[in-house]
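Structure first, then comments.
Basis for what follows: all heavy atoms, side chains included, without hydrogens, waters or symmetry-related copies. Just so we're on the same page: letters track the sequence lines, and every chain starts at 1.
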Amino acid sequence: MSEAKFVEIPKAYNPDSVEDKWRSYWEAHKLYHSEIDRNKKPYTIVIPPPNVTGILTMGHILNNTIQDAFVRYKRMKGYNACWVPGTDHASIATETKVTDFLKEQGINKKDIGRDEFLKHCWEWTHKYGGIITRQLRKLGVSCDWERERFTMDPHYYSKVIETFVALYKKGLIYRGFRMVNWCPVSKSAISDEEVLFRQVNGKLWYLKYPVKESNEFIIVATTRPETMLGDTGVAVNPNDERYKDLIGKKVLLPVVNREIPIFADEYVEMAFGTGAVKITPAHDVNDYEMGKRHNLGCINIFNPDASTNKNVPADFQGLDRFDARKKVVDMFEELGLLHKVEDYTNKVGYSERGGVPIEPYLSEQWFLKMDELAAPALKAVEEGRIHFHPDHWTKTYAHWMKNINDWCISRQLWWGHRIPVWYHKDTNEIYCDVNPPEDIENWKQDEDVLDTWSSSWLWAHDVFTTKEEQQYYYPTDTLVTAPDIIFFWVARMIMAGLEFMGDIPFKDVYFTSVIRDMQGRKMSKSLGNSPDPLDVIDEYGADALRFSVLYLAPLGQDVLFSSEKCDIGRNFANKIWNAGRYLLMNAQSVELNDELKDKHLDFADKWIISRFQNTLRQINDAMDKFEINNAVKIIYSYVWNDFCDWYIEMSKSRLYSDNENVKSAVLTRALSLFEDMLRLVHPFMPYLTEEIWHLIKERKEGQSISISGFPEFNISLVDTGAEHEIQFVQEIVTAIRNIRGEMNIPPSRVIDVYIRGGQVTENEKNYIRKLGRVENIFNDKNLEKPKASASTVVSGSDIFIPLEGVIDLEVERQRLQKDIDRLQGSLAGVSKKLSNENFVNNAPPDVVAKEKQKKAGWEDKLSKLNVMLDDLR
RNA sequence: GGGUUCUUAGCUCAGUUGGUUAGAGCGUCUGCUUGACGUGCAGAAGGUCAGAGGUUCGACUCCUCUAGAGCCCACCA
């Protein structure tokens with residue numbers, strides 16, 4: 001207990017060294033590794049695996065902070081908490097990056113071949129794969145890193161293949177020649193969910209098609225004139241009088257000189273454009289359907305990269321689709337067949353990855369039938385076996401599940417799980433199994449890989465590698481994820497869980513907020529409006545970032561974020577730090593004695609103990625309801641307002657007294673309460689709390705606040721009497737401070753206070769003196785009002801503060817008048833209510849009684865204030 | 001076009017099943033080297049709860065409509 005240690009505690013909390021220290025401590029002691037333990041209930045979370053080559057975003061910060069808060073909370077509550085981390089191979093995203101990287105070096109993917117390319121992918125994965133998990137660690141997440149998984153791990157890989165084979169053999173997977181969303185950049189099909197629609201300011205071109213054997217033209221409107229090269233018909237509405245005579249006739253398609261029919265179909269809207277539609281079955285979903293209905297030809301005019309192919313006239317071949325568009329339009333203009341051009345805004349589907357408009361494209365793909373899988377998955381949520389938080393996502397989910405289309409699961413890529421299907425070289429027979437056919441030389445394996453999501457949909461169960469583990473840890477408890485992958489991932493995981501495990505994959509799904517910038521725009525690379533989380537951690541500390549983000553992110557609402565908002569968390573961390581500093585500094589001179597922890601209790605102690613219990617109850621309640629943001633606010637207010645502003649301040653009057661036993665008791669108790677408080681804070685601010693917890697006393701190697709248990713609610717410690725007593729003291733102190741403030745009386749000037757009313761205990765007086773900077777307190781039922789004093793009314797007592805020579809009567813009058821005005825307003829309201837017979841007769845008696853009580857109290861106060869005001873005249 | 005969420009203090013947001021004198025943080029103003037903290041302490045100002053109807057004894061809260069914002073879904077060329 002030397003002076004030296006005194007100065008060892010810095011004035012401001014500095015997270016830098018602290019965070020690294022405890023992170024390595026936790027990892028070295030494997031504190032967050034979980035093994036099957038039949039004596040404990042498991043609490044399991046699987047991380048939404050980030051893209052292996054990605055970097056940490058603010059979205060990840062929020063998402064993982066929430067998971068960590070849940071996991072730490074449950075771990076402290078005695079659950080066998082297991083948080084499985086990992087990354088996703090992100091087939092298309094990674095392949096795009098590697099392809100681009102190779103291209104920069106002049107290497108073409110096709111030239112080096114599949115095996116060589118995959119080597120590069122693995123190299124890339126190993127090089128960049130660790131980045132995001134390292135970044136995640138800085139946040140202080142309590143993942144079980146020994147369980148880290150990757151969706152291309154050998155075990156996981158084989159599970160994906162097994163799953164494909166099982167579904168194929170069950171008849172749920174089929175191969176079909178279909179129109180799919182084609183991404184010309186990755187040259188692969190993508191699923192409906194990977195198409196993003198954007199408003200595009202484009203044009204509507206009106207093209208004149210000459211009708212055969214006549215001088216007439218039929219004018220069609222199109223947003224994509226280049227597709228006319230593949231037109232095989234022109235459609236009109238059967239009820240359209242304008243075109244009645246043309247139905248059945250032929251058009252001589254300009255440029256390509258092909259004869260195509262004019263036909264009628266209900267689909268055509270008469271009001272749009274000219275009411276006549278050019279039909280390109282190979283490059284438009286609707287046209288494809290119509291083509292089938294009317295037996296039209298189907299001419300594919302594009303190569304996989306969306307350049308024009310040999311099915312178009314020679315001088316149009318090999319053009320990019322946008323160049324082809326220009327050339328077609330020019331040609332029409334030259335021929336005098338361009339009727340007009342209008343500005344037109346419409347929605348165009350873009351490839352999520354490629355960032356270019358998708359091309360509806362006919363190709364052979366693998367599909368997974370969804371009906372059979374979706375039905376039970378919908379039921380699980382509708383029946384409440386799985387809960388969504390916030391609940392309204394259930395509706396969105398149900399809507400999607402009821403309108404679901406088959407899932408295109410094949411991708412024309414190499415990085416991923418290769419489809420376990422072989423075609424016989426001679427007979428074209430299909431073979432599907434986990435192992436290749438024995439006479440492999442006669443077979444050729446399908447070139448495609450599976451959609452990333454058709455591997456990650458197994459995540460909730462296949463991260464566990466043995467039957468025993470699956471039995472113990474599955475179903476997992478809580479899934480925390482962003483709402484934008486509800487269809488990509490959440491829905492499909494539910495399907496997979498029910499199909500392959502016969503049980504739901506998780507009980508609760510917490511949909512996080514979307515983090516936006518202060519203008520409400522989504523964080524994005526191109527806008528450059530996303531702060532780098534690592535910079536924020538460097539500047540504010542991980543705890544501050546975690547706390548701020550939780551504080552700002554209510555369940556179900558988007559969050560407007562900028563890094564300055566982390567002031568909240570940093571200031572809070574500093575506040576806790578200094579509360580600890582105060583107690584520990586006093587522990588230098590005051591002896592701690594555990595035997596006195598429950599001795600010399602006064603109402604302030606009983607009050608804070610009671611407040612702690614109520615806070616604990618509220619936190620438990622909020623956490624159970626998945627209202628983390630609420631839990632955080634409750635803690636904040638307890639720590640700052642109750643513990644620091646009042647309890648610590650009150651403790652001073654006794655800590656600086658002469659009674660050694662009292663001092664000992666007060667400090668021991670305060671430290672114990674402080675330690676309990678740290679436990680409440682720990683799930684949200686793990687580093688800071690761990691640091692102070694170790695400063696409080698020497699701990700054994702391997703001990704940690706994170707496994708020290710969570711306080712348990714004890715109703716017998718709730719003390720309403722003490723809470724009322726404190727309230728009285730607080731009101732008087734606040735009234736005194738208010739007068740000081742309004743009268744501009746500096747704290748350095750001590751004052752006396754006269755309390756006319758019920759008896760004030762010595763104990764209460766002590767606190768009032770200390771907190772109000774009061775010298776003498778006079779208390780009696782029949783006190784005379786001292787001359788030239790400021791006055792007010794608190795809890796039925798009249799308060800007078802003599803201010804001879806200082807008081808400004810005009811200011812005092814205004815102050816009282818303000819109170820009176822406010823009271824009269826309230827009183828008018830309650831009087832009106834009580835004079836309404838309907839209210840008195842219909843409202844519940846306790847409500848009426850409460851109103852009457854209010855009224856009586858206010859009337860009393862009002863008349864007293866009026867007397868005081870009169871006194872000043 | 002369908003669905004969904006939202007509109008409360010200058011800003012960002014709380015407000016649980018209808019009954020409060022409508023709250024917090026930031027910002028603003030005033031005072032303060034108060035024996036943990038100026039990343040702090042004390043005090044103050046600031047709101048017709050988007051608008052209009054309705055239900056009710058009583059509406060920020062429930063219902064309808066209107067206006068505005070966000071998100072998701074949808075094949076109008």
Please list, pair by pair, any protein nitrogen or oxygen found under 3.5 Å from a nitrogen or oxygen in nucleotides 24-33 of chain B.
from   : atom 1 : to        : atom 2 : distance (Å)
A24(B) : O2'    : Tyr551(A) : OH     : 3.4

Quick test: give all pairs of protein nitrogen or oxygen and nucleotides 57-63 of chain B nitrogen or oxygen below 3.5 Å, distance rounded to 0.1 Å.
from   : atom 1 : to        : atom 2 : distance (Å)
C57(B) : O2'    : Asn836(A) : ND2    : 2.6

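- Taking only side-chain atoms of Arg516(A), from C-beta outward, the nucleotide of C71(B), G38(B), C73(B) with the closest atom is C71(B).
- Lys854(A) comes within contact range of the sugar-phosphate backbone alone, with a heavy-atom separation under 4.0 Å but no base atom that close.
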Using atom names, set out every protein N or O paired with an N or O of nucleotides 75-77 of chain B below 3.5 Å, distance rounded to 0.1 Å.
from   : atom 1 : to        : atom 2 : distance (Å)
C75(B) : O2'    : Asn286(A) : ND2    : 2.7
C75(B) : N1     : Asn286(A) : OD1    : 3.1
C75(B) : O2     : Asn286(A) : OD1    : 2.5
C75(B) : O2     : Asn286(A) : ND2    : 3.4
A77(B) : OP2    : Tyr344(A) : OH     : 2.7
A77(B) : O2'    : Ala221(A) : O      : 3.1
A77(B) : N6     : Glu269(A) : O      : 2.6
A77(B) : N6     : Phe272(A) : O      : 3.0
A77(B) : N1     : Glu269(A) : N      : 3.2

Can you tabulate the close N/O pairs, meaning under 3.5 Å, that link protein atoms to atoms of nucleotides 44-48 of chain B?
from   : atom 1 : to        : atom 2 : distance (Å)
A44(B) : OP1    : Asn738(A) : ND2    : 2.8

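- Here Ile279(A) lies out of heavy-atom contact (under 4.0 Å) with every strand.
- Heavy atoms of Trp205(A) sit nowhere under 4.0 angstrom from any nucleic acid atom.
- Taking the side chain of Tyr656(A) as heavy atoms from C-beta on, and the options U34(B), G40(B), G35(B), the nearest nucleotide is G35(B).
- Pairs of Watson-Crick or G-U wobble type, with distances under 3.5 Å, assemble into runs of 3 or more in RNA chain B at these ranges: B:1-7 with B:67-73, B:10-13 with B:23-26, B:28-32 with B:40-44, B:50-54 with B:62-66.
- Judged by atom type and distance alone, Glu649(A) reaches the base of A36(B) through a side-chain donor-acceptor pair under 3.5 Å.
- Listed by chain and number, the residues in a side-chain hydrogen bond (donor to acceptor under 3.5 Å, both in side chains) with Tyr243(A) amount to none (sequence neighbours excluded).
- Taking Tyr687(A) as the reference, Trp26(A) meet the ring pair (Phe, Tyr, Trp, His ring centres under 6.0 Å) condition, with sequence neighbours excluded.
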Report all interatomic pairs (protein N or O, nucleotide N or O of nucleotides 4-7 of chain B) with separations under 3.5 Å.
none

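- Residues that satisfy the side-chain hydrogen bond (donor to acceptor under 3.5 Å, both in side chains) test with Tyr350(A), not counting sequence neighbours, are absent from this structure.
- Partners of Asn614(A) under the side-chain hydrogen bond (donor to acceptor under 3.5 Å, both in side chains) rule, at least two apart in sequence or in another chain, are Arg617(A), Glu723(A).
- Here Arg822(A) pairs with nothing under the side-chain hydrogen bond (donor to acceptor under 3.5 Å, both in side chains) rule; sequence neighbours left out.
- Not a single ring pair (Phe, Tyr, Trp, His ring centres under 6.0 Å) links Phe839(A) to another residue, sequence neighbours left out.
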